[in-house]
S.K.: 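The following block contains the structure, expressed as structure tokens.
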Amino acid sequence: MTQKSWMYSVFEAVQYEMQQDPAMTWIFELTPPVASNPGLPVINLETEFGRKRVVNTGIDENWMVSAVLGAGLAGSKAATYIPYQGALMPFQVIQNVAGKLRHKTGGIAELPVVWVIEMTGQTPGFGQQHSCYEEDSYYMHIPGVRTVIPSTPYDAKGLMHAALRSSDPVVYLYPAGLRTLTEEVPDEPYEVPLDKAAIRQEGSDLTIVSSGAGMPGVLDAVETLTGEGMSVEVIDLRILKEMDTETIVNSVAKTKRLLTVDQSYYTLAPGAEVVARAAENVEGARFKRVAFPDAPPPASPEMFTWMRLSAEGIAGAARDLV
Amino acid sequence: MTQKSWMYSVFEAVQYEMQQDPAMTWIFELTPPVASNPGLPVINLETEFGRKRVVNTGIDENWMVSAVLGAGLAGSKAATYIPYQGALMPFQVIQNVAGKLRHKTGGIAELPVVWVIEMTGQTPGFGQQHSCYEEDSYYMHIPGVRTVIPSTPYDAKGLMHAALRSSDPVVYLYPAGLRTLTEEVPDEPYEVPLDKAAIRQEGSDLTIVSSGAGMPGVLDAVETLTGEGMSVEVIDLRILKEMDTETIVNSVAKTKRLLTVDQSYYTLAPGAEVVARAAENVEGARFKRVAFPDAPPPASPEMFTWMRLSAEGIAGAARDLV
Amino acid sequence: MTHDLESSRRARDADAPSSESRRGFLKLAALTGAMVSTTGTRALADGDIGFFAKDLSDEKLTGMYRTILRIRWHERTQADEMLTNPDYRGYNHFYAGQEAVATGVCAALRNGGPFDQIDMVYSSHRPSGHAIAKGVDIPKMVAEMDFRSTGMNGGYGAGMHISDPTVGFIGADGMIGPAPVIASGSAFSFRARGSDQVAVVFAGDGNYAAPHFHSTLNNSKLLDLPLIYVCENNLYHQYAHYSYSCPHKDIAEAAAAYGIPTEIVDGQDVVQVYNAAKEAVDRARAGGGPTFIEAKTYRDYNHWGAPGAKAGELGAFGYDPLAITSFRPEREVRAWMQRDPVDIARKILIDWGVLDDAGATTIEEEVKAEIAAAFEWGLSQPLCTPEDGLKHVFATGTVPARQFG
Amino acid sequence: MTHDLESSRRARDADAPSSESRRGFLKLAALTGAMVSTTGTRALADGDIGFFAKDLSDEKLTGMYRTILRIRWHERTQADEMLTNPDYRGYNHFYAGQEAVATGVCAALRNGGPFDQIDMVYSSHRPSGHAIAKGVDIPKMVAEMDFRSTGMNGGYGAGMHISDPTVGFIGADGMIGPAPVIASGSAFSFRARGSDQVAVVFAGDGNYAAPHFHSTLNNSKLLDLPLIYVCENNLYHQYAHYSYSCPHKDIAEAAAAYGIPTEIVDGQDVVQVYNAAKEAVDRARAGGGPTFIEAKTYRDYNHWGAPGAKAGELGAFGYDPLAITSFRPEREVRAWMQRDPVDIARKILIDWGVLDDAGATTIEEEVKAEIAAAFEWGLSQPLCTPEDGLKHVFATGTVPARQFG
Ligand SMILES: Cc1ncc(C[n+]2csc(CCOP(=O)(O)OP(=O)(O)O)c2C)c(N)n1
Ligand SMILES: Cc1ncc(C[n+]2csc(CCOP(=O)(O)OP(=O)(O)O)c2C)c(N)n1
Ligand SMILES: [Mg+2]
Ligand SMILES: [Mg+2]
């Protein structure tokens, strides 16, 4: 076990799977398939596997995603890395082709494909268009596609292995803000299951549910709240589709208080679904949602840092609820 | 006042606005801008306004939507009719350009544009890909775009007038299944506001919230339920963005029972947002959602008619809840 | 259930040995050469229709004729079902008139064998001709199109979504735009894994205007992908002539601009189509990259279903009521129907001495019987079980019902 | 705050009377003609650089020189801020090296007057040169780029989203793909309402691969739209040479395939760019449809911000650390910087007798002072009010805060 960055952990999984399967391909555009980590060899997929299998293409994210789909249909494991700027360019082909393919063929089509789709780090100054934190909702509504959103290097690696080994298409949301997050990550391959939320902390007063780049702020807030004597149960969704209802409902049944935390816009953020499932299944609970307002993210750092998630905002909402 | 079809009512509004504004344009692909109605003159935008203003284009819905956006930015009122097959082709430009334009320019950009986007009628046999009932959720999550979904000919006309007169971009969802629905519709122009839900019936035992092509089934179910002595309040959302929270919360505060009904897939259907808003604001209520399962719509009529909304399914869920 | 796909599959196998002597080509050219032209680098002598087909076995040539007939009679039978049988629920975007295109192309492909060696075909909303030419099981396709649980795809997909990867028929796609791009992805994977397979996409003239057209050709050229783009230019997209969406007279010009070899062929003549496809396939297998084939053709029916058609008769007439900007004149339909791909193929085979008139008629009768049996079998199959709609969303498991709250 | 946009706006006005006599063109051609070529129908005599610019007033020509300098010094000042001022938060995708393109094109446009008569420019992620050339208020742009509440867009948009429709600068767009298609929509509306306005889009070589490229050119040609597509081919997209995404040597070939008139110009030479733009504008105003101009050019800085640059010096050197497949060699940067658009413009004006050396230097000093003042003003402006982020989502009202639960 070594301390590894999120980025390195992801590429370690990809490298391993490409070594195992000589047909597997990787398509990229502006994010080089390169990762380095102190004390470990540099990973460079392009030089290791050559330019027939690892291709640097033009600015056409729809082609990238569609090509990977076609490779999968032809029996080759395939993946691509879509930078956040192009996060929704390939939406239609995922929504109306890929997600429906297995079903429309009566179970015949196999789709061993992974689309890594970046979500921007919440960098002040980037402004409206370079701020795709919102895509989680769009991809989560699609049936037939497993949409995952890791929040730790450990999960990032394990979910990448699981995704690449699955014959279902996987949208692997990559929160760019977590790229340099570091933790102990095993060197050998392992899988994190594609259908289980993670309980990051157990508690009895309140359930907080978040995912992806929302998690660090939640954990900070929870540290404060715990210091104040509140017993918080923290759930990291990890999987948006199929969402792990059981873990959520069991927790809310216990705490009777649910706070959801989303970087996405309030309306129909993943938290809406979490609240709705809990509300359908648990009586007499109380609910609250913290999210980005229903406004595009402004460029001005003053406006933006006030509008995005903060540990204080989360903690304040938690106090209100309990 | 004359009995008019949904389709005729919509084109009556478009025709009027094009007569008022000689710069206004209409772009179509396979849906001719033609409507007829017993006792009324045929409307044919192409012959009336000529092929410079009314254009029949190739199969490129992204161009259609983008062109309308560009026309709007250049100061021309503009609209297009996107058939359901292309419902998500122009998604990115609406999500990442149009919805953010006013905000990113600090309020300067004016966008007097309307994108009519069809949702399929729930015709058995069409199957997965020709079944875009799901788009309401995708468009509803976008800030900066007013997304409306009329369910009656009266609203269809009034919302079209309001949409064409608004300087905000409007996604006007057109449930194709309602095309031939008929009611009394005034001949003169009028507006239905872009921010108000409609209470279709008042009641005290239960609130049912639905929209668009979900409404006829709800009204049928409510007739049965009323016959059984249940007092149902029926809300037609009409506007998905900005959703009229007040009407929903007031109703649920009264009835303490909320049933949402969506043609869209269960996960993150508009009903998720309705439930979440009510759950945040009303304590001690009970909630239930009826929706299409998280599966693509199969072609087989046996499978499909069992999976889609039905008045019996809705009535059954209502009885369970009360 | 009587249908014999084996023999025709063998006949369609492009890799079968071909030892026959050359045949009287110039004679044929006089019959069919009118529309021949190319934009590729290879210039054909005036009146010359190419050469590959001359070396095919009688069995293979007869198989092509049989395939054309199968497509035709499948459609005529289905159209009659739609027009006369109130219990029939299937539908189709009919391919009649265009049969020689699918047949000629697929005859140049590898249609059987292990999945990692077979050539792959991507089809459109107008798929039944491509499917039959690629070798799918017709009775199962008939069952699928009428939503039967034993259909090719369990009744889940029907008309616009039929698929059978075991013969390399990746399948129909109801959307205009995505299929060619996805097909280029299959071609990408062939090249990456060092396979000599080729990917073929059939797309209409309407697909030209889709933004995906550019992506497909650009990336195929840049990466030298073994992709064959077969543009079936039947002059119309849904309700408008292609000149409303394309500034080129020949759509192939657009492909040539990328530096991609192109061929324009008479899509009514299966031999011409085969020759062009064979050359494209050979080039692609040898690592020479993509080819764009434009087949000039026409559909006998209207865009969708059988409006304007009469039971027992081929073709649909009268203006399509929804086509407001640009009509499909009845005279145009009748003129094109004079150049029927069935008749042309039959004449060629008789002219070449592959068949005589009686032999051709026998094949036609056999095919009619085969198709009749396919419908008899298909339409007697069980309907689907409602709850099964919750299956096959993912590889495993069933999603919950949500329609009852 | 001292900045005088009025005079330069007047100078840039393409409709201003032009009465000057012709000037010594052949001499100039020897200086700048090396890279000239065209794919359009108009063939230029060898060594001839076109003719429109000869008839411009001294004031207009001087205005173009001033514009180039404004763009240059705005960027050098901003780069220095980024490199030396830890409080400076703005950023940019620098345009230095490409100034002649924006300047030459916008000099041929109508940049003032009522909104329904002005020509409209769509820009990219690399917008500050286009913005200045179109005539935006530079101090307000400086304020915007540093997120100030009195900035051009209230601090909401900053670097990648600047916009000022009052001068027809519809604005920057951070995405690769959409802008050209949207620009074609403005052109569509001009034609529909019978206006003689033109729409111009500036897009990089990277934009070629986007599927939108096809949509833009295809529809512009089909509908004869008054659109001028200015492709700034600076050889690289973010971290790869354009040959990784485009099979053409000249991207203009791709446009010519649609039947669109094309011009390839030396993007370092403002006069060549102006001439091509003038011809395109005249054609578009007269109803002759679109033109595609490919300007061969180069950027002095790396893709984004100022890595590899030194304060007080022009350009950035050293390999971009993220560019793994395809490098931008330092020698290439240095070679292109020899053909500096500022120097070329200055030489032309002196050669033509429009300016003498002292006059040129005076203008440069004036511009430096103007830009210094713009930064002084811009960076002393108030910051934004956090709550204002909830405004301007719609034309009226404020959306609710949701970040506190
Ligand atoms: C994205 C999209 N938009 C619209 C349609 C509706 N549509 C189905 S087929 C068709 C016409 C296709 O024309 P062409 O490609 O020429 O094929 P043909 O029908 O002539 O075989 C259209 C517009 C669609 N299926 N997908
Ligand atoms: C859809 C999309 N994908 C990726 C990006 C990231 N990106 C920004 S600029 C750029 C390169 C653009 O190259 P080019 O068009 O040549 O313009 P240049 O930067 O050279 O001026 C890329 C890939 C983006 N902005 N939008
Ligand atoms: Mg066609
Ligand atoms: Mg470039």
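Protein chains get the first letters and strands the later ones, always in sequence-line order, with residue 1 at the start of each.
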S.K.: Between A/Arg51 and chain D, which part of the residue has a heavy atom less than 4.5 Å away: side chain, backbone, both or neither?
M.R.: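 When you check distances to chain D, only side chain atoms of A/Arg51 fall under 4.5 Å.
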S.K.: Which atoms of A/Tyr265 come close to chain D, meaning under 4.5 Å heavy atom to heavy atom: side chain ones, backbone ones, both, or neither?
M.R.: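 For A/Tyr265, no heavy atom lies under 4.5 Å from chain D.
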S.K.: Which region of A/Glu46, side chain (C-beta onward) or backbone (N, CA, C, O), has a non-hydrogen atom less than 4.5 Å from a non-hydrogen atom of chain D, or is it both or neither?
M.R.: side chain
S.K.: Between A/Pro293 and D/Pro400, which heavy-atom pair has the shortest distance, and what is it?
M.R.: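 Looking at all heavy atoms of both residues, the closest pair is CB-O, 3.5 Å.
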S.K.: Quick check on the interface: out of D/Ala158, D/Cys246, D/Pro211, who has the most heavy-atom pairs with chain A under 4.5 Å?
M.R.: D/Pro211
S.K.: What residues of residues 142-154 of chain D make heavy-atom contacts with chain A at a cutoff under 4.5 angstrom?
M.R.: D/Phe147, D/Gly154
S.K.: Are A/Arg289 and D/Arg402 packed together at the side-chain level, in the sense that at least one heavy-atom pair is separated by less than 4.5 angstrom?
M.R.: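 Result no, sub-4.5 Å side-chain heavy-atom pair not found.
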S.K.: Calculate, to the nearest 0.5 Å, the distance between atoms CG and CH2 belonging to D/Leu390 and A/Trp306 respectively.
M.R.: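 One gets 4.5 Å once the value is rounded to the nearest 0.5 Å.
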S.K.: Would you indicate whether the side-chain heavy atoms of D/Pro386 and A/Met307 approach each other to under 4.5 Å?
M.R.: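 With C-beta onward as the side chain, the pair stays apart.
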S.K.: Taking D/Tyr242, D/Phe404, D/Tyr244 one by one, which has the highest count of heavy-atom pairs under 4.5 Å against chain A?
M.R.: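 Result: the option with the highest number of such pairs is D/Phe404.
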S.K.: Find out whether A/Phe292 and D/Gln403 are in side-chain contact, i.e. whether some heavy atom of one side chain is under 4.5 Å from a heavy atom of the other.
M.R.: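 Heavy-atom side-chain distance check fails, nothing below 4.5 Å.
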S.K.: To the nearest 0.5 Å, what is the distance between CD1 on D/Ile176 and CG on A/Asp60?
M.R.: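 One gets 12.0 Å once the value is rounded to the nearest 0.5 Å.
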S.K.: Which residue out of A/Pro124, A/Ala299, A/Ala317 racks up the most heavy-atom pairs below 4.5 Å with chain D?
M.R.: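 The option with the most such pairs is A/Ala299.
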S.K.: Step through the shown structure and confirm whether more than 12 heavy atoms of other residues, nucleotides or ligands are within 6.0 Å of CD on A/Glu48.
M.R.: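 Yes, CD of A/Glu48 has more than 12 neighbouring heavy atoms, counting only those of other groups under 6.0 Å.
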S.K.: Just by distance, do the side chain of D/Gln238 and the backbone of A/Ile59 share a donor-acceptor pair under 3.5 Å?
M.R.: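 Not a single qualifying donor-acceptor pair exists.
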S.K.: Can you find a heavy atom in the side chain of A/Thr57 that is under 4.5 Å from one in the side chain of D/Ser245?
M.R.: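 No, side chains not in contact.
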S.K.: Closest heavy-atom contact between D/Val393 and A/Pro296?
M.R.: CG2-CD, 4.1 Å
S.K.: Out of curiosity, A/Gln129 CD to D/His161 NE2, how far, rounded to the nearest 0.5 Å?
M.R.: 4.0 Å
S.K.: What is the distance from atom CE of A/Met303 to atom NZ of D/Lys391, rounded to the nearest 0.5 Å?
M.R.: 8.5 Å
S.K.: So do the side chains of D/Tyr156 and A/Phe304 get within less than 4.5 Å of each other, counting heavy atoms only?
M.R.: no
S.K.: Hey, which of A/Gln128, A/Gln85, A/Glu312, A/Lys288 has the most heavy atom pairs under 4.5 Å with chain D?
M.R.: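 Option with the top pair count is A/Gln128.
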S.K.: Give a yes or no answer on whether the side chain of D/Tyr91 reaches the backbone of A/Gly125 with a donor-acceptor pair at less than 3.5 Å.
M.R.: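 Yes, because the side chain of D/Tyr91 sits within donor-acceptor range (under 3.5 Å) of the backbone of A/Gly125.
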S.K.: At what distance, to the nearest 0.5 angstrom, does CD of A/Glu29 lie from OH of D/Tyr239?
M.R.: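 Going from CD on A/Glu29 over to OH on D/Tyr239, the span is 11.0 Å.
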S.K.: Would you compute the distance between atom NE2 of D/His237 and atom CG of A/Leu30 and round it to the nearest 0.5 angstrom?
M.R.: 8.0 Å
S.K.: With only heavy atoms counted, which part of D/His212 is less than 4.5 Å from chain A, the side chain, the backbone, both or neither?
M.R.: side chain
S.K.: With a 4.5 Å cut-off on side-chain heavy atoms, are A/Met89 and D/Pro178 touching?
M.R.: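 With C-beta onward as the side chain, the pair touches.
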